[in-house]
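Proteins come first, then strands; the chains are lettered A, B, ... in the order of their sequence lines, and each starts at number 1.
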Amino acid sequence: MIPAPLPRQFPDRAALIDHVRMISGDEGDASPITATDLNAALNALDPAGYGKTRNFLNGKVTRLSAYIRHGMVSLNHVRNLALARVSRKADAEKLVQELGWREFWRKVQAQHPDWIWTDVEAYKTGFTAADYTDDLPDDIAAAETGVAAIDDIITRLKTDGYLHNHLRMYLASYVVHWRQVKWQAGARFMLSHLIDADLASNNLSWQWIASTYSSKPYIFNLENMQKYCGSLITTSAQHNAPLDASYEELSARLFPHKQEF
Amino acid sequence: MTDLIWIHDECLRADHPVFTEGKGEAVFIWDKDYMNSMSMGFKQKVFIYEALTDLPVTIYQGSTPALLLELAQGGGITTAASPNPYLRDIMTALRARLELTTVEDEVFAHLSGTPDLRRFFRYWNKAKSSAMQPHGGTPDLFGDSFGRSS
Ligand SMILES: Cc1cc2nc3c(=O)[nH]c(=O)nc-3n(C[C@H](O)[C@H](O)[C@H](O)COP(=O)(O)OP(=O)(O)OC[C@H]3O[C@@H](n4cnc5c(N)ncnc54)[C@H](O)[C@@H]3O)c2cc1C
């Protein structure tokens, strides 16, 4: 039997959120980013500013990911807008290239659907997949790792349902390389909180960080976080001891069996 | 027999080509099993529902393939093409029972030849000149193989 259609009109957002709680059986809160904010995000698009500042937490990133992920705006439309907003084409190149990453991951997914959950290549960390834990430790899920910057990132993820690309990279690297957890467990955790959760972009990025889809593992250090995040997250040395070292020291500590760096 | 447009979570905009190329009522199936298999969280579900309230679609709750088959009664279904294996599994199940047409979204970049997908920059070197033009430029110039490779 065909069921009655679900409602499409609500007195306010709170009522819609309650309705989704009821039909999904889930608990939790909605993201502050709403599906109705697309035009504001498109109006704010600044390709040249993006090219210069996108790596910084307060840089001019687009926050378009959830709209793009759900087909609410096409990559073509965003690209066309980016090209129209610059006087020199080259000023739009960085943004168009990042859109290209999404297209790339989707093409990979189409050709290799099995790569979404299985290692594309072996880890290049000196460890084998069997050396990594299957499940996400509870302290990570609860944002109680004791590493302040990481806990801030996890809290942001759970509150906003959105993270700047750099924060996604830091968190994924911490989970896989500091905690030796399989990328799949981290990927599933992130998917379950992001409003732009996308199997291709998320899981293949996790594989890129892990080194199962790249030539070397991605790691970062506190100095890098301080440079790109400033005081927007807690980056004091005393609260982030495991991250506070040079790349050489961290590589030696995290990958003791790896042959060359 | 009823023709339908199946709107899934990757084509939530009113000017998506699926709306112009498809015929019949547009429906979205709120499918818990599918959402769970995608590891979707509550925030993403709210976002999707909000997007749906802005679209000319009827929302039903149930199992996607079963409900679509029941609604279509042997009619044709048009939907947006997707590389997502979970959506593709549903499309395969539907194809076994009725005529399913998939519609590509607007082109981002035309590619000459099948790209090497081992590393991003091998792909980007082939895609860049097209991607840096409005609408991806003219397909002929790039020996368009978009869509064929997937
Ligand atoms: C571990 C990890 C997990 C990720 N998970 C997701 C995910 O589930 N969904 C998702 O859409 N993106 C994901 N990304 C990619 C990227 O981090 C986000 O797309 C981006 O941060 C979203 O913010 P924005 O819209 O402000 O991006 P901007 O920097 O403004 O970029 C504009 C658009 O380009 C695309 N884009 C940019 N960078 C990437 C990238 N590296 N890969 C793919 N697309 C990109 C997105 O559609 C984005 O909206 C992930 C990255 C990492 C490292």
Chain A contact via B:Y86 - which portion, at a heavy-atom distance below 4.5 Å: side chain
Given that the side chain runs from C-beta out, which part of B:K32 has a heavy atom under 4.5 Å from chain A: side chain, backbone, both or neither? side chain
Cut-off 4.5 Å, heavy atoms of chain A, and the answer for B:L12 is both
For A:V78, is it the side chain, the backbone, both or neither that has a heavy atom under 4.5 Å from a heavy atom of chain B? neither
Going by atom types only, do A:N39 and A:N43 share a side-chain donor-acceptor pair under 3.5 Å? no
Which portion of A:Y213 sits near chain B, non-hydrogen atoms under 4.5 angstrom: both
Is A:D160 in contact with chain B via its backbone, its side chain, both, or neither, using a 4.5 Å heavy-atom distance? backbone
Among B:N36, B:V27, B:V57, B:L67, residue most engaged with chain A (heavy-atom pairs, under 4.5 Å): B:V57
Toward chain B, the part of A:L194 with a non-hydrogen atom under 4.5 Å: backbone
As an exercise: rank A:A197, A:G161, A:A4 by heavy-atom pairs under 4.5 Å with chain B and give me the winner. A:A197
For chain A, the option from B:S82, B:C11, B:A66, B:A14 that forms the most heavy-atom pairs under 4.5 Å: B:C11
Can we say A:E121 and B:R119 salt-bridge, meaning some charged N sits less than 4.0 Å from an Asp/Glu carboxylate O? yes
Which residue out of A:T159, A:I116, A:D198 racks up the most heavy-atom pairs below 4.5 Å with chain B? A:T159
Ignoring hydrogens and geometry beyond distance, is a side-chain donor-acceptor pair present between B:Q73 and B:T2 at under 3.5 Å? no
Within 45° of the six-membered ring axis of A:Y162 and under 6.0 Å from that ring's centre, is NZ or CZ of A:R156 located there? no
Report, as yes or no, whether the 6.0 Å neighbourhood of atom CG on A:D138 holds more than 12 heavy atoms from other residues, nucleotides or ligands. no
In Å and rounded to the nearest 0.5 Å, what is the CG to CG distance from B:L68 to B:L98? 8.5 Å
Option that, when pairs with chain B are counted at under 4.5 Å, heavy atom only, ranks first among A:A30, A:P113, A:G25: A:A30
Does the ring centre of B:W124 sit less than 6.0 Å away from the ring centre of A:F104? no
Ranked by heavy-atom pairs below 4.5 Å to chain A, first place among B:Y49, B:Y60, B:W30 goes to B:Y49
So, are A:D139 and A:R179 salt-bridged, with charged N and O less than 4.0 Å apart? yes
Between A:N76 and A:R79, do the side chains contain a donor N or O and an acceptor N or O under 3.5 Å apart? yes
Heavy-atom closest pair (A:A141 atom, A:I154 atom, distance to 0.1 Å) is O-CG2, 4.4 Å
When you look at A:N203 and A:W183, which way does the side chain to side chain contact (heavy atoms under 4.5 Å, CB included) test go after all the steps? CA-CA 8 Å; A:N203 291 21; A:W183 65 263; 4.1 Å; yes
Counting heavy-atom pairs under 4.5 Å with chain B, the top scorer among A:A84, A:A200, A:S214 is A:S214
Whatever's closer than 4.5 Å to a heavy atom in chain B on A:I17 counts as both
Heavy-atom pair count under 4.5 Å with chain A, highest-scoring of B:V46, B:D9, B:T53: B:D9
Is B:A51 in contact with chain A via its backbone, its side chain, both, or neither, using a 4.5 Å heavy-atom distance? both
Is A:R106 salt-bridged to B:D105, going by a charged N under 4.0 Å from an acidic O? no
Contacting region of A:L99 [heavy-atom separation from chain B under 4.5 Å]: both
Proximal component of A:L199, with respect to chain B [non-hydrogen, under 4.5 Å]: side chain
Please determine, among A:K89, A:H77, A:R188, the option with the most heavy-atom pairs under 4.5 Å with chain B. A:K89
Ionic contact status for A:R21 with A:D29, cut-off 4.0 Å: yes
Need one label for A:W105: side chain, backbone, both or neither, based on atoms under 4.5 Å from any heavy atom in chain B. neither
Please classify the contact between A:H193 and chain B as side chain, backbone, both or neither, with a heavy-atom cut-off of under 4.5 Å. backbone
